[in-house]
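Just below is one structure, and these are the notes that go with it.
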Amino acid sequence: ISDFKGFLIAKEENMSEEKMNGCSLPSEPSVQYLIDLSDSIGIPHFQRGLVWSEENTALLLESLYLKTPCGTIILWEPENPADEGLSLSDPGKLKYLVIDGQQRIRSLRDVFNPDSDSSAPEMSEDEGSASDDTEPSARHVWCLNLSRVRELTELVDDGMSRYPMFRFMADPTSELTHVKHNLVPLRIFLQNPDADISKLIRPAKNKKIEDVQSKIKEISLGDSIGKLRERTVFFLKILPKENNLAEVVALYNRINSAGKRVEAEEKAFATLVLLHPSTSDWLKGLF
C-alpha cells in the first residue's frame, strides 16, 4: 500500500509539472498555483491598470478564509503574447494574457509575495491619517484582525472590531507602531501556524489571554491562515490561440459590464487598440 501511495504522489507531481509547462492547466487552481503562474502572465494592451484598493483586497482575503467561490479567471493564449500585452514579471516567460482576473491575481501576489514588483494597495483615508498610531517610516503589512474572527469576538477586546477581518497596516510587531493588540501579521501564521502571538493579544474584560490562546488552538486558526494559499476557490478558463483580438476585446467589454464597471473611456481605449493594434507603441513613443 505504501508503494502504491508513493506511485500516486510521484504521478501527481509529474502531472503538476506538465501543467506548469503548458500541457494542461487545472480548472480549479489553488491560490499558490495562480501566483506561480503569474510569472508567465501579462496584461493585454487594451486592459485597464490595477484599480483595486486595500478594501477590495481585504474582501478577497476574507472570501479565501471563508472558502467562498471567487469567480473565474480568464486567460488568453495568443500566438504572439509580447505583441498583444506586457508581462507582469518576466517578459521571457510571457505566455498568457489575463482577460478577467487581473485585480485578483495581482492582489494575491502582493499579499503572499510582498516583495514582488506589483503595486501595493492604496491605503484608505482612515489608515493614512493614523499618524498618532504609526511613525511615517513604519512598514505596512497584511494582518488578521482577531476581533473579527467569529469564534473570538467574545474573548478579545473589541477596540479593533470596526475594522475588517484583514487589514493592510503598519506592522504591529514593529517598534514604530503603537497600535499592536489583536492584529497579527499574516506572515507569522504563514511561516509558523503554531507561532506564539500572546504579545499581540488583548483579551476582553473578565477574560484571560489563556482563554484566547485555547480557542485559537481549538479552531486551528493558525493552520487555517497558513493554508490560505492552498484554497481552490477560483475557476480557470483558457482562451485558445484561435480567438482573435476582436473576439477577446468583445469578451472583455461584455464581462466588465457588471461589478466595478469599466469606464466609457476605458472601453473606448480597448476598441481603439482593436482598430489600431499599434496604439500602445504610439503612446509609448509619444511619452
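The side chain to side chain contact (heavy atoms under 4.5 Å, CB included) search around T68 returns S63, L66, not counting sequence neighbours. Partners of D211 according to the side chain to side chain donor-acceptor pair (under 3.5 Å) rule, which considers only residues two or more places apart in sequence or in another chain, do not exist here. Under the rule for a salt bridge (charged side-chain N to carboxylate O under 4.0 Å, His left out), R231 has no partner lying at least two apart in sequence or in another chain. Listed by chain and residue number, N145, V156, M160, S161, N182 satisfy the side chain to side chain contact (heavy atoms under 4.5 Å, CB included) test with S147 (two or more places apart in sequence, or in another chain). Here E79 pairs with nothing under the side chain to side chain donor-acceptor pair (under 3.5 Å) rule; sequence neighbours left out. Looking at residues two or more places apart in sequence or on another chain, you find a side chain to side chain contact (heavy atoms under 4.5 Å, CB included) between D100 and I74, R104, I255. Residues meeting the ring-ring contact (aromatic ring centres under 6.0 Å, His included) test with Y252, sequence neighbours left out: F46. Listed by chain and residue number, nothing satisfies the side chain to side chain contact (heavy atoms under 4.5 Å, CB included) test with A250 (two or more places apart in sequence, or in another chain). Residues that satisfy the side chain to side chain donor-acceptor pair (under 3.5 Å) test with Q32, not counting sequence neighbours, are D36. Evaluation of the ring-ring contact (aromatic ring centres under 6.0 Å, His included) rule for F166 yields no partner, not counting sequence neighbours. Scored by the side chain to side chain donor-acceptor pair (under 3.5 Å) test, K227 finds D223 as partners (sequence neighbours excluded).
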Determine all donor-acceptor pairs shorter than 3.5 Å in which one atom belongs to a side chain in residues 279-287; sequence neighbours excluded.
unit_1 : atom_1 : unit_2 : atom_2 : d
T279   : OG1    : H276   : O      : 2.6
S280   : OG     : H45    : ND1    : 3.3

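The two residues W76 and P78 come nearest to each other via the heavy atoms O-CD, 3.1 Å. Here the shortest heavy-atom pairing between L88 and S38 reads CB-O, 4.0 Å. In this structure, I209 and P203 approach most closely via the heavy-atom pair CG1-CD, 3.8 Å.
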Working note: E77 + K241, criterion salt bridge (Lys or Arg N to Asp or Glu O under 4.0 Å); need CA distance, chi angles, decisive distance, verdict.
CA-CA 5 Å; E77 186 181 4; K241 295 179 174 65; 3.0 Å; yes

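Panel note: side chain E84, backbone P81; no donor-acceptor pair is recorded below 3.5 Å. Without hydrogens or angle criteria, R148 side chain to Y163 main chain gives a donor-acceptor distance under 3.5 Å. Panel note: side chain N192, backbone D194; a donor-acceptor pair is recorded below 3.5 Å. The backbone N or O of G49 lies less than 3.5 Å from a partner atom in the side chain of Q103, making a donor-acceptor pair.
A salt bridge links R187 with D171: at least one charged nitrogen is closer than 4.0 Å to a carboxylate oxygen.
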